[in-house]
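In this chain, residues are counted from 1 in sequence order.
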Amino acid sequence: MLEQRDRWFSRASFVTAAIGSAVGLGNVWRFPFVAYKYGGGAFLIPYFVALITAGIPLMILEYGLGQMMQCGAPEALRKVKKRWEWVGWWALGVGSVISFYYAVVMAWCWNYLYYSFTVAWKDDAGGFFNEQVLQKSAGPGELGGLVWPVVFALALTWLIIYFCIFKGVRIVGKVVMVTVPLPVILLGVLLVRGVTLPGAFEGLGFYLTPDFSALMDHEVWLAAYGQIFFSLSLGFGIMIAYASYEAQTADVTNNAFITSLANCGTSYFAGFAVFSTLGYLAYMLNQPVSEVIEKGPTLAFVTYPLAISLLPKAVQIFGVIFFITLLTLGIDSAFSIVEAVVTGIRDKWEVPRKKIVFGFCVVAFLAGLLFCTRAGLYWLDIMDEWMTRFGLACVGLLECVIIGWFFKTRRLKDYINSVSEIRIGLWWDIFIKVLTPAILGTSIVLSVIERIQKPYMMTKEIPYPPWSLWVGGWLVAGAVVAVGIILMRIKGKEIE
Ligand code: TRP
């Protein structure tokens with residue numbers, strides 16, 4: 001006999017958990033530097049277009065699919081058509097790889113939380129991050145052993161994730177009542193501090209001044225779509241899994257709008273907190289804002305901490321606030337992918353929940369050790385590039401194509417409209433069937449060509465050796481697909 005499916009306490013706990021998954025480290029460190037890198041204020045245009053044409057329609061699709069089928073991504077896609085099950089596993093695989101390094105970024109945050117009490121980075125923020133925290137080696141080939149403080153913090157991160165998720169969505173619903181509002185309030189504190197500092201407005205000018213020529217560049221559009229997918233946790237099977245714990249009668253469209261807008265609003269808001277503070281940094285260092293801005297993942301660990309260390313008073317407190325913000329932002333995104341994997345496995349095989357959660361946390365910890373070596377940052381950067389650029393876009397594209405062309409889209413649409421307050425019309429079909437796949441398809445092709453012609457590098461000075469891009473990029477990406485296909489082939493309990 002089938003056991004009763006787990007249920008959210010209330011609509012509020014579902015929506016909060018979904019927002020918790022979406023709002024993560026990506027909103028605070030990724031969005032501001034991506035926006036700056038791709039045209040400042042002008043980036044908001046492709047970003048907004050991506051939100052409307054891909055973000056919201058796909059969110060509706062994922063919620064609708066999960067809720068209608070009452071199962072996670074692989075099983076839901078199998079119900080659409082048997083041979084598509086692997087796409088669901090692929091989505092979970094991409095999400096899992098992201099969670100391996102995402103948890104390591106959280107581990108850095110734990111380290112920094114500890115260092116905040118003494119503002120340990122104040123003399124040389126860049127050197128501190130590279131030499132003390134990461135103990136960075138010369139290149140990806142030189143692993144150079146584990147960095148123990150990061151390893152311990154990583155273990156702590158997975159331990160906490162285990163306890164948040166091992167009992168299922170009922171506990172999750174409670175945890176997110178803290179981990180979602182808290183960072184938003186703390187961001188508010190950082191924002192008020194930021195905009196009241198001298199130089200803040202120059203910083204904001206940088207964030208908001210549009211460079212319209214950027215709109216002609218396909219890279220900018222790809223970055224905007226990538227950021228929307230990453231940020232809204234779309235294409236990972238997360239939203240499908242979360243929605244599968246909603247009653248079949250719950251409103252789909254409304255929930256999708258609330259989640260998407262809350263997430264993008266938070267990103268926009270976080271940009272103000274970050275850029276006003278960067279303006280202050282430029283003011284204190286007597287340099288133009290463009291000089292102090294980092295265009296990469298070090299923003300949260302070098303530039304922002306440096307700015308904090310120059311505050312006139314209460315330096316420690318702002319350090320603590322900032323890193324607690326990042327940790328609480330990250331935790332609910334990290335456990336959402338674990339939930340998606342657990343849901344996917346349990347829909348197919350009869351395995352006790354705790355065992356899967358435990359197994360996943362252990363495997364993820366072990367896999368994360370690669371990023372705790374002295375070459376960790378390089379591998380993190382390479383895998384992030386491949387997973388967020390190709391992995392996500394490919395899964396998103398397949399989702400649109402499968403649902404749009406191989407399934408009676410009408411059935412899903414009629415179902416969604418029968419339970420939702422806001423009805424979706426022809427626009428949704430156009431976005432899902434034509435526009436989004438066309439944009440994603442073109443950008444995937446263009447960027448594959450580009451990657452082949454021009455190898456990826458983190459900074460201009462240190463090119464990666466080509467083998468490391470093959471291994472960390474194409475090989476890992478291929479392995480994720482292979483695992484998906486293998487999992488599909490293994491026989492599960494037959495449900496029908
Ligand atoms: N949405 C999260 C953010 O903005 C990132 C994220 C998406 C993620 N999918 C994930 C993190 C899977 C871990 C695992 O930060």
Side-chain angles (χ1 to χ4, degrees), residues 11-36 38-60 62-63 176-195 200 203-204 206-210 223-234 238-239 242 251-278 299-300 304 321-322 324-326 328-333 336 421-422 431:
R11 175 170 176 193
S13 60
F14 162 66
V15 174
T16 314
I19 294 178
S21 170
V23 177
L25 299 175
N27 300 58
V28 174
W29 65 259
R30 206 164 186 279
F31 176 77
F33 80 73
V34 171
Y36 168 67
Y38 295 104
F43 184 74
L44 294 175
I45 298 171
Y47 184 75
F48 195 70
V49 171
L51 171 66
I52 302 293
T53 60
I56 294 177
L58 262 155
M59 186 70 83
I60 296 176
E62 292 208 356
Y63 280 178
V176 294
M177 290 300 164
V178 178
T179 58
V180 174
L182 183 66
V184 177
I185 295 169
L186 296 179
L187 267 179
V189 174
L190 296 174
L191 173 72
V192 171
R193 178 67 280 205
V195 296
L204 292 181
F206 244 84
Y207 175 40
L208 300 173
T209 309
Y225 275 82
Q227 176 61 19
I228 281 289
F229 276 82
F230 182 80
S231 188
L232 290 175
S233 303
L234 291 172
I238 295 176
M239 295 307 184
Y242 269 7
D251 190 314
V252 170
T253 320
N254 234 332
N255 287 351
F257 271 98
I258 297 173
T259 325
S260 314
L261 296 176
N263 175 69
C264 296
T266 313
S267 291
Y268 189 55
F269 177 65
F272 281 84
V274 170
F275 274 84
S276 57
T277 313
L278 294 182
L299 176 74
Y304 197 85
I321 292 182
F322 181 64
I324 291 185
T325 307
L326 291 184
T328 48
L329 280 173
I331 190 83
D332 38 23
S333 305
S336 66
E421 208 173 39
I422 309 173
F431 290 156

Answer whether the closest heavy-atom distance between the side chains of [X] and [Y] falls below 4.5 Å.
X      : Y      : answer
Leu25  : Arg30  : no
Asp332 : Val180 : yes
Ile60  : Ile56  : yes
Asn27  : Ser231 : yes
Glu421 : Thr253 : no
Ser276 : Leu190 : no
Phe206 : Leu278 : no
Leu299 : Val274 : yes

Requested in this report: Verify side chain to side chain contact (heavy atoms under 4.5 Å, CB included) between Leu232 and Gln227, making sure each step is shown before the conclusion.
Outcome: CA-CA 8 Å; Leu232 290 175; Gln227 176 61 19; over 6 Å; no
Report task. Name all residues meeting the side chain to side chain contact (heavy atoms under 4.5 Å, CB included) criterion together with Ala270; count only those two or more places apart in sequence or in a different chain, and write none if there are none. Result -> Val28, Leu187
Requested in this report: Quick one: do Tyr207 and Tyr268 satisfy side chain to side chain contact (heavy atoms under 4.5 Å, CB included)? Show the steps, please.
Outcome: CA-CA 10 Å; Tyr207 175 40; Tyr268 189 55; 3.5 Å; yes
Report task. Determine, using ring centers only, whether Tyr63 and Phe14 are less than 6.0 Å apart. Result ->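 Distance test on ring centres: under 6.0 Å, yes.
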Any idea which heavy atoms bring [X] and [Y] closest together, and the distance?
X      : Y      : result
Gly26  : Phe230 : CA-CE2, 3.8 Å
Val189 : Ile321 : CG1-CD1, 4.0 Å
Ala223 : Tyr38  : CB-CE1, 3.5 Å
Phe431 : Pro57  : CD1-CG, 3.7 Å
Ser13  : Met177 : CA-CE, 3.7 Å
Ala18  : Met239 : O-CE, 3.4 Å

Separation between [atom1] of [X] and [atom2] of [Y], rounded to the nearest 0.5 Å:
X      : Y      : atom1 : atom2 : value
Leu204 : Thr277 : CG    : OG1   : 9.0 Å
Ser260 : Ile228 : OG    : CD1   : 8.0 Å
Glu62  : Leu234 : CD    : CG    : 5.0 Å
Phe31  : Asn263 : CZ    : CG    : 10.0 Å
Phe229 : Met59  : CZ    : CE    : 10.5 Å

For residues 42-52, which side-chain N or O atoms pair as donor and acceptor with protein atoms under 3.5 Å away, sequence neighbours left out?
none

Query - Evaluation steps, side-chain hydrogen bond (donor to acceptor under 3.5 Å, both in side chains), between Ser233 and Ser21 - result: CA-CA 7 Å; Ser233 303; Ser21 170; 3.0 Å; yes
Report task. Could you tell me whether the side chain of Asn255 and the main chain of Asp251 form a donor-acceptor pair under 3.5 Å? Result -> yes
Requested in this report: Tell me, with the steps shown, if Val23 and Leu329 meet side chain to side chain contact (heavy atoms under 4.5 Å, CB included).
Outcome: CA-CA 6 Å; Val23 177; Leu329 280 173; 3.5 Å; yes
